[in-house]
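Below: the structure, in structure tokens.
Each chain gets a letter, A, B and so on, in the order the sequences are listed, and its residues count up from 1. Here the structure is a predicted model, which is why all the values come from computation and not from measurement. Atoms considered below: every heavy atom in the structure, side chains included; atoms not considered: hydrogens, waters and symmetry mates.
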Amino acid sequence: MPQSIPEDSVGIVTPQTIHFDQPLALACGRQLDNYDLIIETYGTLNADASNAVLVCHALSGNHHLAGYHSAEDKKPGWWDSAIGPGKPIDTDKLFVIGLNNLGGCHGSTGPQSTNPKTAKPFGPDFPIMTVADWVESQARLADHFGIQQWAAIVGGSLGGMQALQWAIDYPERLRHCMIIAAAPKLSAQNIAFNEVARQAISRDPDFNDGHFYENGKVPKTGLMLARMLGHITYLSDDGMREKFGRELREGKISYDFNPQFEIESYLRYQGEQFSKAFDANTYLLMTKALDYFDPAADADHSLAAAVRNVLCKFMVISFTTDWRFSPERSREIVDALVTAEKRVSYAEIDSHNGHDAFLIPNPRYMDIFSAYMKQVIADIPQTDKENN
Amino acid sequence: MRADLDIIQDWVAPNSKVLDLGCGDGELLSYLQQEKNITGYGVEFDHDNITTCIEKGINVVEKNIDEGLASIQDSSFDTVIMTQALQVMYHPDQIVDEMLRIGKECIVTFPNFGHWRARGYLAFRGRMPVSKFLPYTWYNTPNIHFCTFKDFEQLCVERNIHILERTVVDNEHKHHWSIRLWPNMLGEVAIYRITR
């Protein structure tokens with residue numbers, strides 16, 4: 001537990017679940033008749049609902065962005081470093097919403113939820129979600145709060161892809177778009193890693209074609225392998241060398257197949273923790289959403305054409321050692337926006353933390369983040385009501 | 001505003017699309033956005049300058065110009081500007097070519113190494129010129145490709161570059177009749193407007 005809640009923390013927060021009754025038509029051709037979204041909010045929505053920031057999560061993220069659920073909570077939300085009073089996303093001035101996307105496993109409707117048609121968990125029958133589907137569900141969330149236009153939509157990795165999709169699908173509904181450590185589409189190598197992760201899960205005997213809830217078993221080994229593989233792609237070679245090197249747990253080689261190098265036990269530990277907390281069907285679904293993301297596909301494979309109608313301002317950030325979504329991938333987004341004559345800034349942050357760098361505070365990253373968010377705050381329309 | 005920037009802004013058309021290579025803290029772009037309603041992008045490498053541009057709401061793209069501008073399309077800008085940065089480029093000639101490919105017009109400014117003070121420094125002291133204006137010593141200067149007005153104009157002839165306008169100013173960026181008369185000797189900063 002934190003010794004005491006830090007001053008710049010949003011403090012103790014409580015998630016809320018919002019039910020939506022209007023059916024949601026999905027890219028796959030199916031629809032969700034009704035669904036729940038679990039969310040957390042921080043800060044106060046102003047009178048004209050113009051200071052709202054949406055934070056979209058990445059593959060394994062959720063609605064718990066910042067603060068603690070209880071005084072006994074060991075860790076704050078996943079982006080606590082960036083969200084709070086006086087932090088880059090300043091909750092003294094901005095109203096922040098985090099949600100768990102549809103298909104997730106942290107409280108929003110997903111594979112673990114009960115399928116009303118069968119009275120059993122959806123499991124593998126839960127429809128495959130796309131980034132555009134998520135954006136649609138998030139637009140309804142905005143409607144729920146009376147938010148006509150977001151002050152900003154911010155996301156890292158898969159979250160950045162949602163921010164980009166928002167700018168394309170709803171140009172009038174956001175003023176700023178911050179895309180961090182993302183890509184305009186996955187490369188063959190990215191898809192290949194996802195496929196190995198999916199195979200690891202689906203070939204686990206306990207997976208049972210996704211119908212594992214009924215058996216009271218989870219495909220722990222598969223999930224663990226998927227996460228271990230994923231985790232390697234989130235770190236950089238430099239970062240791993242610095243953190244683990246070739247350090248041995250027992251100080252000497254034991255000539256057997258037990259984990260001896262620190263990196264081996266680290267990955268096993270991370271994989272094991274993840275397999276206890278994450279849903280296998282959600283993992284499959286999230287990786288598919290990543291694979292399918294390609295907004296340029298609808299514009300003759302020209303990203304510049306895909307963004308021709310966007311209206312918001314963009315901030316694109318990448319990290320030097322990120323090889324999952326390398327700086328080159330971010331530059332593709334920047335180049336397309338420049339070609340389309342859209343407003344965009346781009347910064348490439350030195351970091352040895354690989355793809356994970358977007359979650360880790362780093363002085364220059366936080367400076368750029370804060371500098372941009374000052375613009376976001378400055379662009380909030382001032383109403384007479386607030387001036388009085 | 002820096003006096004050379006004041007001269008440059010006169011050459012930028014209202015509502016045009018401008019690329020400022022080595023935009024610094026975004027002073028020129030900020031002015032052009034406010035006064036001429038341009039769509040502008042800056043390219044910058046210095047971290048503090050980038051943060052300042054972002055704070056000001058200037059579009060700034062982090063990039064090392066020496067790595068090339070291949071991702072920018074032909075004739076995609078009305079004006080491409082490079083102020084006081086040509087001399088720090090690894091391949092100034094290639095950068096000028098690239099600027100002319102990207103922009104319909106280009107504005108280039110650089111310190112004139114043919115100025116009488118620089119000549120005098122080398123001639124009489126036998127050492128590389130150091131001045132208030134060019135404060136570096138030979139081993140730590142970022143200015144690795146100095147040229148004179150005559151050198152630059154020779155390059156323009158060789159590369160078939162058309163000089164639309166040329167202004168020469170002194171250290172305080174003032175025009176003086178004598179500078180116009182004897183630019184390569186008396187002008188400290190060259191400001192060229194060029195096209196292909």
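- One finds the CD atom of A:E341 at 6.5 Å from the OH atom of B:Y41 (value rounded to the nearest 0.5 Å).
- Put simply, of B:G40, B:S76, B:S71, B:C53, the one with the most heavy-atom pairs under 4.5 Å next to chain A is B:S71.
- No donor-acceptor distance shorter than 3.5 angstrom exists from the side chain of B:Q73 to the backbone of A:T339, with no hydrogens or angles considered.
- When the shell of 6.0 Å around CG of B:D74 is examined, it contains more than 12 heavy atoms from other residues, nucleotides or ligands.
- The contact between A:V334 and chain B is made entirely by side chain atoms (from C-beta outward), counting heavy-atom distances below 4.5 Å.
- Partner of A:S345 under the side-chain contact (heavy atoms from CB on, under 4.5 Å) criterion, chosen from B:I54, B:I50, B:V61: B:I54.
- Top candidate by heavy-atom pairs under 4.5 Å with chain B, chosen from A:V344, A:V316, A:D335, is A:V344.
- Counting heavy-atom neighbours within 6.0 Å of B:E158 CD, excluding the residue itself, gives a total above 12.
- When side chains are defined from C-beta on, B:E55 counts as touching A:K374, because their heavy atoms get closer than 4.5 Å.
- Heavy-atom pairs under 4.5 Å with chain B were tallied for A:R343, A:E332, A:R364, A:M373; the largest tally goes to A:R364.
- Smallest separation of non-hydrogen atoms from A:V338 and B:K17: O-NZ, 3.4 Å.
- Atom CZ of A:R331 is separated from atom CD of B:E62 by 9.0 Å, given to the nearest 0.5 angstrom.
- Heavy atoms of A:L337 lying under 4.5 Å from chain B belong exclusively to its backbone.
- Only the side chain of A:Q375 comes within contact range of chain B, with at least one heavy atom under 4.5 Å from a heavy atom of that chain.
- Contacts between B:I58 and chain A at a heavy-atom distance below 4.5 Å involve the backbone alone (N, CA, C, O).
- The environment of A:K87 atom NZ is dense: over 12 non-hydrogen atoms of other residues, nucleotides or ligands sit within 6.0 angstrom.
- Using a distance-only test at 3.5 Å, with no hydrogens or angles considered, a donor-acceptor pair links the side chain of A:K313 to the main chain of B:G57.
- Between B:H47 atom NE2 and A:I349 atom CD1 the span is 7.5 Å, to the nearest 0.5 Å.
- In the displayed structure, B:N15 atom CG is contacted under 6.0 Å by more than 12 heavy atoms of other residues, nucleotides or ligands.
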